[in-house]
Amino acid sequence: MKTLIIAEKPDMGRTIAAVMEPRAKNNRTYLEGEKYIVTWAIGHLLGLAEPDAYDTKYKRWNIQDLPIIPEQFKIVPNPKTKDQLKMIGELAKRCNAIVNACDAGREGQYIFALIQQQLKLRQPVKRLWISDLTAESIATGFERLRDASEFEFLTQAARARSEADWLIGMNASRAFTTRHNTLLSVGRVQTPVLALIHDREKEIEAFQSQTFYDVWAEFKQDQIKYKGAWQGDRLTNPEEAEGIAAAVRGKEGEITKYDTKQTKEYPFKLYDLTLLQREANAKYGYSAKKTLDVAQALYERHKVISYPRTNSNYVTEQNIDGMHKALRMLGTGPYADLVQQANPNLVHKQNKSVCNPSRVEDHHAILPTLKRPGTLSKEEQNVYDLVIRRFLSHFFPPAEYKMHTVMTQVDKHLFKTNIKELLSLGWKVVLSKADQDKGKKSKTSKKEDEEETDEWTDKKFEIDAGRPVDCVRAEMKEKATQPPKSYTEGTLLKAMESAGKQMENEELREVMKDAGLGTPATRAATIERLKKVGYIEMKGKKILITDKGKMAINLIRHAGVDLLASPEMTGQWERRLHQISKGEAAQEKFMDNVKRFTLSIIDKVRQQPPAPANAFGEEARSNRSGGKTNARGVGTSGSATTAKGRDRTASGGGSSAGSAASAPISRSSTTKAVRSSSDGQSDTSASQRQALGSCPCSNCGGSIIEGRKGYGCSHFKQGCGFVIWKEYAGKQITETMLKSLLAKGQTQLLSFKRKDGSTVKARIVLDVPGTGQLSVREDA
């Protein structure tokens, strides 16, 4: 008999087959060779069942029916991919051994475990555990297959994560929603992340700017000029500041102290996923999810980088030889000039800034593979370039600087100058010229804000401390204290990584990494979830909290369940899951604690007075109808079992934000009006309604059907939140207009009235096909 290989996705399965069974026959849903049959999941083929699978009364949301705590969790197939699940079962009957070739991580382990459980697979299982999909890695991985029993604890952690998210997300979301008659999504991770954003915005709102004054003086000795900042208590009186400037202007001064020291700046750490997302957000404005999607494509489709969903910035001794081979591979092509300057001897097993096996768990840092990239999209090229340049930087020496500290006294006034003289660029030659210039400018401006530094970069600085200097210029500058900055996705990822502790110290943040909010692979999904449920919105790069988001946090905190909004405590939960995966903590004890916490949430919410009707903002008010009654189909499997596409976490995998329970709430908040009548009772079932077109959401496969207030997707139970409201911009969206939006992305020309009474010809345009978001575009 043959061995069945189960990969996580079709592309992965075909890549493995090309190595292990190059002459395999392609049967569309599997490939069969002489020794192996290779098939695949399509992300999550199964997920936790919705509450009504345990009792039909749970179809209606009622706080009196809570808590919902199953004795045994049921799993159900994703209806969109049930045929593939059935095929795996049929193929397994023809095989006497199985290889689990799903992603080498917690969620990949869970995907296989659910398949094994549902199909009752009894064959012995081996585990393929590799970090990239190159032919060499696949072949080596099959030579070193590991026994499935080695990963039992990892499976337990994955189950605990999923079931804990279900318990808290399902019960807390139903409790708060029914108590306050507005759909409120609550999750184990998403709520603390929302609290971070809420608290930052509160700090900004409460901030009161204070005006103060700096005094700067410019000194000259021969041809050398330098600036110094006045030293003393902060000046709040402009007359006093101007008096100091006038007192030193044109006077002779002396250097009372002059120190120099050599410093080195070493390359930044290799990328883990969160660090890559932060850099891509800062440099290109990419969202965390976009960076993850692009990195996944570079790994899975192009096979030019290693496994991206890693939380490590280091490699093991086994990776050193591969790094040298990758360096040689890059020696031809666009990076050839840099490779020629690189020193391979700098990357070795004793270099702890690169090779640190104790800091590598499931996966090493993101590295280039030995495969040359073909045609990449602009986004793919940008992310690949970040990875390559960070990789190459470790083959260069540190940048070297000479730090000058000068104390200059004029009359009784003391001025301080810090000058950073560049001696050698070192590894910074790998940065683009624009990044080098940007780095110089940003450092200069930052230091000037600190009132005491002048950056000289590559200019030579020489001064004789024994000779006088002339104060050729002095001036007062008015300044104001600045509020904290709103989060961007990059800075929010940093806060999530350190469980909300705003630490600039890299080592301290590294210590907190195991206790962060979510995992590197799920943090992007958490941010996307908060957008989808209407808790946050983007203004450029800034993340702003909505009225609904503010109210959700306030209600949770006032209910007395602060743990739900506590980054530090939730980080400890993630730490406990990590301990379970290593066999250092018991799954049963963790789940007992989760159940007790679930009960306390419901008890406290029951005692809470309902929120006022106008507390959640305009959009939430328009969706209040039916929030307490029929919640048919709202549960977890719509999230956890949808096909993952390129990003498992976007559909509920991983430990994000109560991910298995919160997504259906967001779906319900946008589609409730479509499928509920005014009294909250269900209209005609989706399967009986006339299809008006295909849903434009990618990989959805649903049809657009008419509801009371809008047109929504028939696959709302599977997690699709697409909806177009019947009224927009003062126009009624007719079926004809709807069909034009679905087919062409825009309506015919319509007349709109401006505020001044004039009319303009414009079209209603479908801006974001995945959500139904519309806009008005004037005809050119």
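Note: hydrogens, waters and symmetry copies are ignored here, and every other heavy atom, side chains too, is used. Numbering of residues begins at 1 and proceeds along the displayed sequence.
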query: Would you call R106-E574 a salt bridge at under 4.0 Å N-O?
result: yes

message: Can you tell me how far apart CD1 (I704) and OG (S714) are? Round to the nearest 0.5 Å.
response: 7.0 Å

query: Would you call R179 and P610 a side-chain contact if the rule is heavy atoms closer than 4.5 Å?
result: yes

- line: Nearest heavy-atom approach of L48 to S162 is CD1-OG, 3.4 Å

task: Heavy atoms only: give me the nearest I68-P51 pair and the separation to one decimal.
output: CD1-CB, 3.9 Å

- request: Please report the C-alpha distance between Q579 and R576 in whole Å, then the side-chain angles of each, then the deciding distance to 0.1 Å, and finally whether the side-chain hydrogen bond (donor to acceptor under 3.5 Å, both in side chains) criterion is met.
  value: CA-CA 5 Å; Q579 290 172 341; R576 186 55 52 89; 2.8 Å; yes

- prompt: Just checking, is any N or O donor in the side chain of N281 or R278 under 3.5 Å from an acceptor N or O on the other one?
  reply: no

- prompt: Between R161 and E107, is the closest basic N to carboxylate O distance under 4.0 Å?
  reply: yes

field: T522 OG1 to Q190 CD distance, which is reported to the nearest 0.5 Å
entry: 12.0 Å

task: Might you point out which heavy atoms bring A611 and M551 nearest each other, and give the distance in Å?
output: CB-CE, 3.8 Å

query: Which heavy atom in F590 sits nearest to a heavy atom in A164, and how many Å separate them?
result: CE2-CB, 3.8 Å

message: So I69 and L167, do their side chains get closer than 4.5 Å, heavy atoms only?
response: yes

query: Hey, is E489 close enough to K531 for a salt bridge, meaning N to O under 4.0 Å?
result: yes

- prompt: Nearest 0.5 Å, what's the SG-CD1 distance between C695 and I705?
  reply: 10.5 Å

message: Any salt bridge linking E497 with K494? Criterion: basic side-chain nitrogen under 4.0 Å from a carboxylate oxygen.
response: no

query: Can you find a side-chain donor-acceptor pair between T274 and R523 that sits under 3.5 Å?
result: yes

- prompt: When you measure from the side chain of S566 to the backbone N and O of L563, does any donor-acceptor pair fall under 3.5 Å?
  reply: no

query: Distance-only, no hydrogens or angles: does the D55 side chain make a donor-acceptor pair with backbone N or O of Y58 under 3.5 Å?
result: no

